[in-house]
Amino acid sequence: MRVSKALIPTVKETPGEAEIPSHKLMLRAGLMRKVASGIYEYLPLGQRSLLKVMGIIREEMDRGGAQEVLMPILTPAELWQETGRWQKYGKELMRVKDRHERDYALGPTHEEVITDLVRRELKSYKQLPLNLYQIATKFRDEVRPRFGVMRSREFLMKDGYSFDADDEACDKTYWIMFGAYQRIFKRCGLNFAPVEADSGLIGGSFTHEFMVLAETGEAAIALCEACGYAANLEKATGVPAPHAAPAAGGATQKAYTPGKHTVEHVSELLKLPAQQFIKTLIFVADGKPVAVLVRGDHDVNEVKLKNFLEAQELALAPAEKVMEVTKAPVGFAGPVGLSGARVVADKALQGGHQYVAGALEKDYHLTNVELGRDFKDPEWADLRSVATGDGCPKCGKPLKAGRGIEVGQTFKLGLKYSKAMKCVYLGEDGKDHETVMGCYGIGVTRTVGAAIEQHNDADGILWPISVAPYEVHLLLLNPSDPEVAKAADQCYEDLKKAGYEVLYDDRAEATAGFKFKDADLLGLPLSVRVGAKGLKEGVIEVKRRRLKDVAKVPAAQVLDKVKEFAAEEWKLCAP
RNA sequence: CGGGGCGUGGCGCAGCGGUAGCGCACUUGGUUUGGGACCAAGGGGUCGUGAGUUCAAAUCUCACCGCCCCGACCA
């Protein structure tokens, strides 16, 4: 492609709306433009990268035995009502009415649609396993779209769904898809980690999120560098730091703690470490009060709590409710003598002694509180977020906090949708059986954003060659010099003939410096620079964007050099 | 939805009661041409929208709309 004829509107100044590197660069390099909040159009360069990612996804999904289909974006409300998600999905589901006032949703994901398709076509166990996917536009009316392509309201997604005869077969499919995902993201040149996660609204028994590691990622994760354990913070477990008081002390005593209602303040006053505190928080779950106990140095994890309580709605109780339940203002809640609320406690409290807890009385705390002695055993569960200083649940080495961009997620759905929608097949035994489902998503647009987020420098993008819009950027540095122009044209023809995707900056009006800056910004992995200075010495320059040094070779060796450098680049994207 | 910020040529910004400006980009001509060239001459804006205050509003007031950030939320 000749730049002189292409729509590649690069901009020197960063548009004010962009905050993170990938967003800035996608706008600056002319990959996309914003149409409205969270809605973008992709220009030729952006579209080429999207197609590259889609190509890799297709190859790996097909290799994993999946078949590509295409489902509608506009989906009838009835399907959503069947599973209850017409209600449950809430405002994030984009709804539209047709001229007859019939309700539709713009698909945010397609479990209902695909399950409907399969239940109509699936008759016999002989048709299983079945694994179908599509790459299509999804709509989610996000509360707050942000960071460009990272959280948008309309985006490209690959969504795949598997149907198996039984649990064991589903597991097998799940791990095949898991492997396909590893290959996909490696081939996209991404540094990523599959992490254990919560399954949220999609539901199901277990799930992995594929996180591209990046500081600007929206998701907090816990990582173990020693053994590779990684989990979303909302799901992560850890081995807590040791208890402050490993042995039982004397009888419970009342301590006067006027106006001190945080663990931090009481800890200071009593000169006792936070690990020795029982923090009691009052939540309201589906209208009922629940007292949650965690160690003073830990935080309640609302996702874990919600899952444990199997609650639909969960929130911290308002002050009046706390007063009603604990007979004291906020800050003096404790488990001793507490009644009128379900009591759940985080397991990390077990094994500790001489605890400090609220006395259920204004301005008083209790010390030397013992589990089981001073209050009845609560319901135990893992209810806390991993804290700094925790050990890895697998190997015990210290966990590290990190951030990631979720580019994909795999779910083992089990029977959730096949039960709700009666997706059954006739088994060998002549009876109907529900199919066991899995589902597998990849944010295609987000993957492109994540690649840029992870691969850029002060001058621009550093595309992994597998997803770069073009492989080679050919620069004609002195367009008015016929000799130079001729040599560059020849390079263009030769490179194309050799099968490379070449972007040829043949612009007559742009100076050499301008072209260098644009080339750095666009970030194609390889560049070939043809200029008068080089030709005088009988050489053409070949450069890798990510490296400083330039190879100067005679015209006849340009192809060999490009081949060599391209091979190096491809190694970085090997599955 | 709560908190904060911003809407002025395509982009980045200044102006903050009294004739709409600057830089970049764009058009034309010329000189240039190895790290975002220079000179000259041009074109382009109902100052987000609507009410109001005023002799006079981009500027003050109110409402609405849009955009961005933090939070809540998020397959």
Side-chain angles (χ1 to χ4, degrees), chain A residues 9-20 23-24 27-28 30 33-39 83 85 88-93 107-112 138-148 150-153 155 157-161 197-204 207-210 218-219 232 234 302-303 306 313-316 406-411 413 416-417 439-443 446 459-460 475-481 484-485 505 507-521 527 529-537 539-541 543 550 552:
Chain A
T10 57
V11 293
K12 205 180 329 189
E13 280 171 298
T14 305
E17 70 195 51
E19 202 74 14
I20 63 169
H23 190 195
K24 288 178 183 172
L27 294 171
R28 285 231 290 139
R33 288 292 184 257
K34 186 176 71 182
V35 177
S37 179
I39 301 175
T83 57
R85 286 210 293 184
K88 252 192 192 168
Y89 223 110
K91 288 188 175 171
E92 209 172 300
L93 188 64
T109 173
H110 276 66
E111 284 80 8
E112 282 82 356
K138 292 282 181 286
F139 293 83
R140 290 184 191 177
D141 197 356
E142 293 286 349
V143 206
R144 177 143 96 92
R146 58 175 157 178
F147 301 149
M150 292 304 176
R151 184 162 295 277
S152 54
R153 295 194 291 170
F155 57 96
M157 174 167 134
K158 186 286 294 183
D159 47 325
Y161 308 87
D198 182 71
S199 61
L201 209 55
I202 293 240
T207 174
H208 288 89
E209 288 172 341
F210 287 76
E218 289 188 277
N232 192 310
E234 62 189 28
E302 291 195 27
V303 173
K306 197 171 170 181
E313 295 288 333
L314 178 76
L316 265 172
E406 184 196 333
V407 288
Q409 188 163 12
T410 52
F411 300 83
L413 293 172
K416 180 173 170 171
Y417 293 90
C439 96
Y440 320 94
I442 292 177
R446 194 186 272 185
D459 297 314
L475 309 184
L476 164 56
L477 300 177
N478 312 93
S480 57
D481 183 330
V484 182
D505 197 345
R507 288 175 296 179
E509 69 284 2
T511 61
F514 198 96
K515 289 180 180 179
F516 287 136
K517 288 288 185 188
D518 254 6
D520 286 343
L521 177 59
S527 66
R529 297 126 178 254
V530 184
K533 206 168 112 184
L535 288 188
K536 212 177 285 173
E537 301 165 31
V539 297
I540 285 171
E541 292 160 21
K543 185 178 176 296
V550 177
K552 297 184 178 184

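Letters A, B, ... are given to chains in the order of the sequence lines, protein chains preceding strands, and every chain is numbered from 1.
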Original post:
In whole Å, what separates the P atom of B:U27 from that of B:C67?
Top reply: 31 Å
Original post:
OP1 or OP2 of B:G71 less than 4.0 angstrom from a side-chain nitrogen or oxygen of A:R146, does that happen here?
Top reply: yes
Please list, for nucleotides 21-25 of chain B, all pairs of protein and nucleotide N/O atoms separated by less than 3.5 Å.
{"from": "B:G23", "atom 1": "N2", "to": "A:E13", "atom 2": "OE1", "distance (Å)": "3.2"}

**OP:** Return no unless some side-chain N or O of A:S37 is found under 4.0 Å from OP1 or OP2 of B:C68.
**Re:** yes
**OP:** With C1' as the reference atom in both, quote the distance from B:G23 to B:C1 in angstrom, rounded to an integer.
**Re:** 40 Å
Subject >> Partners meeting side chain to side chain donor-acceptor pair (under 3.5 Å) with A:T410 (sequence neighbours left out) >> reply: A:Y174
Original post:
Toward the 5' end of RNA chain B, which comes first, A:M157 or A:L521, by nearest nucleotide?
Top reply: A:L521
Original post:
Based on Watson-Crick and G-U pairs with both distances under 3.5 Å, what dot-bracket line describes RNA chain B 5' to 3', crossing pairs as [ ] and inter-strand pairs as |?
Top reply: ((((((((.[[[[.)..(..]]]].((((((.....)))))).....[[[[[..)....]]]]])))))))....
Subject >> Separation of B:C74 C1' from A:R153 CZ (nearest whole Å) >> reply: 15 Å
Original post:
What interatomic distance, in whole Å, is found between C1' of B:G10 and the corresponding atom of B:A25?
Top reply: 7 Å
Original post:
Of the options A:K34, A:R33, A:K24, which is the one that meets A:E17 in a salt bridge (charged side-chain N to carboxylate O under 4.0 Å, His left out)?
Top reply: A:K34
Just the table, please: protein N/O against nucleotides 1-3 of chain B N/O, every pair under 3.5 Å.
none

Original post:
Taking only residues two or more places apart in sequence, or in another chain, which ones meet A:V550 in a side-chain contact (heavy atoms from CB on, under 4.5 Å)?
Top reply: A:E541, A:K543
Original post:
With sequence neighbours excluded, what pairs up with A:E218 under the side chain to side chain donor-acceptor pair (under 3.5 Å) test?
Top reply: A:R146, A:R151
**OP:** Considering only atom P, compute the distance from B:G4 to B:G15 and round it to an integer number of Å.
**Re:** 23 Å
Original post:
Expressed as a whole number of Å, how far does the P atom of B:U19 sit from that of B:A57?
Top reply: 12 Å
Subject >> Length of the CZ-P vector between A:F147 and B:C67, whole Å >> reply: 17 Å
**OP:** Rounded to whole angstrom, note down the P distance from B:U28 over to B:G44.
**Re:** 16 Å
Subject >> 5'-most by nearest nucleotide on RNA chain B - A:A36 or A:I442 >> reply: A:A36
**OP:** Return the set of residues passing ring pair (Phe, Tyr, Trp, His ring centres under 6.0 Å) with A:Y440 (not counting sequence neighbours), or none when no residue passes.
**Re:** none
**OP:** At under 4.0 Å between heavy atoms, which parts of nucleotides 27-34 of chain B does protein reach? Answer with one letter per nucleotide, 5' to 3': B base, S sugar-phosphate only, - none.
**Re:** ------BB
Between protein and nucleotides 39-45 of chain B, what N or O pairs are separated by less than 3.5 Å?
none

**OP:** Determine the Euclidean distance between corresponding P atoms of B:G2 and B:G52; express it in Å to zero decimal places.
**Re:** 28 Å
Subject >> Pairing residues for A:N478 by the side-chain contact (heavy atoms from CB on, under 4.5 Å) criterion, not counting sequence neighbours >> reply: A:D481, A:V484, A:A532
**OP:** Provide, to the nearest angstrom, the distance between the CD atom belonging to A:E218 and the C1' atom belonging to B:C70.
**Re:** 12 Å
Atom pairs and distances, donor-acceptor, side-chain atoms in residues 508-515 of chain A, under 3.5 Å, two or more places apart:
{"from": "A:T511", "atom 1": "OG1", "to": "A:F514", "atom 2": "N", "distance (Å)": "3.3"}
{"from": "A:K515", "atom 1": "NZ", "to": "A:L476", "atom 2": "O", "distance (Å)": "2.6"}
{"from": "A:K515", "atom 1": "NZ", "to": "A:D505", "atom 2": "O", "distance (Å)": "3.4"}
{"from": "A:K515", "atom 1": "NZ", "to": "A:R507", "atom 2": "O", "distance (Å)": "2.8"}

Using a cut-off of under 3.5 Å, enumerate the N/O to N/O pairs linking the protein to nucleotides 7-10 of chain B.
none

